[in-house]
Amino acid sequence: MNLSKTCKLASYACAVLLASACASAADPVTPSSSNAANMTSPSDDPSTDPDIVQRLAAVHQEPSQVELRFVDASVPPEYHRSYTIIAAADSASVKVDVYGTVIASDSTKPSAQAWRTIVEAATRLPETQSADDADVSGQSSHELTLSYPTGKLRSFTWTSRSDTPTPAIEQALALTKRIEALFPNLEQLEQTPYPKQ
């Protein structure tokens, strides 16, 4: 091939490339109708995904915080020990008090498994607001308060006079044990001497 033909071919190739570039600039690529449909498909909207909706509903049904309050019987201060445990997924605290005066406290971060067992027990707690409506004056009592992401609160109370636990109280006791298990040293905290006034 002589030099003249080579130059002509090169010029032709440059002309083709330039024409192609100009066409692309004049007619930018737009999504095809099928791609556009896929971009707005309802299946890509999380609010319409049945699995996501179900998971969100389950979260709203699970408590975000649980509080266990034990009030000891009316006995002299040196023997009286009440306590409050407040727990959430990322933190838990306990305070032991004698008629409102805090004498010991502790805090921890629940393991994922520990919090999961608490949530599972909480979801089985019946809707009953009180397991024992009798006069509780002078008796020890428990109160469970569950807080939900929606702002809803649930409480469940029972007293030491419940000699024969009902199924509802048994469920509450199961939840109580799991909450107390966050603090293996709870008994030791309760043995903290009460400072004499």
Side-chain angles (χ1 to χ4, degrees), residues 46 49-73 75 79-133 136 139-195:
D49 187 318
D51 292 335
I52 294 179
V53 171
Q54 185 175 6
R55 287 197 294 271
L56 288 174
V59 168
H60 285 297
Q61 292 172 4
E62 296 179 353
S64 55
Q65 177 180 289
V66 296
E67 178 176 337
L68 169 63
R69 173 64 177 165
F70 169 73
V71 178
D72 202 359
V75 294
Y79 305 112
H80 179 98
R81 297 292 184 275
S82 299
Y83 61 83
T84 302
I85 298 176
I86 299 177
D90 58 351
S91 64
S93 64
V94 59
K95 293 182 179 180
V96 177
D97 68 271
V98 175
Y99 293 111
T101 300
V102 177
I103 61 172
S105 63
D106 197 5
S107 61
T108 188
K109 181 178 180 179
S111 67
Q113 179 61 29
W115 177 246
R116 188 71 247 164
T117 61
I118 289 174
V119 168
E120 290 173 353
T123 56
R124 290 195 292 269
L125 196 66
E127 289 289 345
T128 308
Q129 294 298 308
S130 177
D132 190 345
D133 295 325
V136 299
Q139 303 178 49
S140 63
S141 64
H142 289 81
E143 180 178 8
L144 286 165
T145 302
L146 312 181
S147 303
Y148 293 81
T150 57
K152 175 183 176 181
L153 293 175
R154 288 179 56 201
S155 63
F156 193 93
T157 61
W158 71 101
T159 68
S160 58
R161 73 180 299 276
S162 306
D163 298 328
T164 305
T166 64
I169 292 178
E170 289 179 347
Q171 293 289 355
L173 287 172
L175 174 55
T176 295
K177 290 179 179 178
R178 296 185 184 190
I179 297 173
E180 291 177 337
L182 295 174
F183 295 95
N185 61 336
L186 178 58
E187 185 175 347
Q188 180 181 353
L189 293 174
E190 291 180 298
Q191 293 174 355
T192 302
Y194 176 67

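Below, each value reflects all heavy atoms present in this structure, side chains not excepted, and no hydrogens, waters or symmetry copies.
In this structure, Leu175 CG and Ile179 CD1 are separated by 4.0 Å, a value rounded to the nearest 0.5 Å. Interatomic distance, Gln61 CD to Tyr148 OH, rounded to the nearest 0.5 Å: 9.0 Å.
The stretch residues 108-122 participates, sequence neighbours left out, in these side chain to side chain donor-acceptor pair (under 3.5 Å) pairs: Glu62-Arg116. Legend: side chain to side chain donor-acceptor pair (under 3.5 Å) pairs involving residues 167-176, not counting sequence neighbours: none detected. For the ring pair (Phe, Tyr, Trp, His ring centres under 6.0 Å) condition, no pair includes a residue of residues 166-190, sequence neighbours left out.
Closest non-hydrogen pair, Ala122 versus Arg154, comes out as O-NH1, 4.2 Å. Across all their heavy atoms, Leu182 and Pro110 have their closest contact at CD2-CB, 3.9 Å. Taking all atoms of both residues into account, the shortest heavy-atom contact from Pro184 to Ala181 is CD-O, 3.8 Å.
Counting only distance, with no hydrogens or angles, the side chain of Ser64 and the backbone of Ser147 share a donor-acceptor pair below 3.5 Å.
For the side-chain contact (heavy atoms from CB on, under 4.5 Å) with Ile118, the lone residue among Thr123, Val66, Leu68 that qualifies is Val66.
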All N/O donor-acceptor pairs, side-chain side in residues 80-93, below 3.5 Å, sequence neighbours left out:
residue : atom : partner : partner atom : Å
His80   : ND1  : Ala73   : O            : 2.9
His80   : NE2  : Ser82   : OG           : 2.9
Arg81   : NE   : Glu190  : O            : 2.9
Arg81   : NE   : Thr192  : O            : 3.4
Arg81   : NH1  : Pro77   : O            : 3.0
Arg81   : NH2  : Thr192  : O            : 2.9
Ser82   : OG   : Asp72   : N            : 2.9
Tyr83   : OH   : Glu180  : OE2          : 2.3
Thr84   : OG1  : Arg69   : NH1          : 2.9

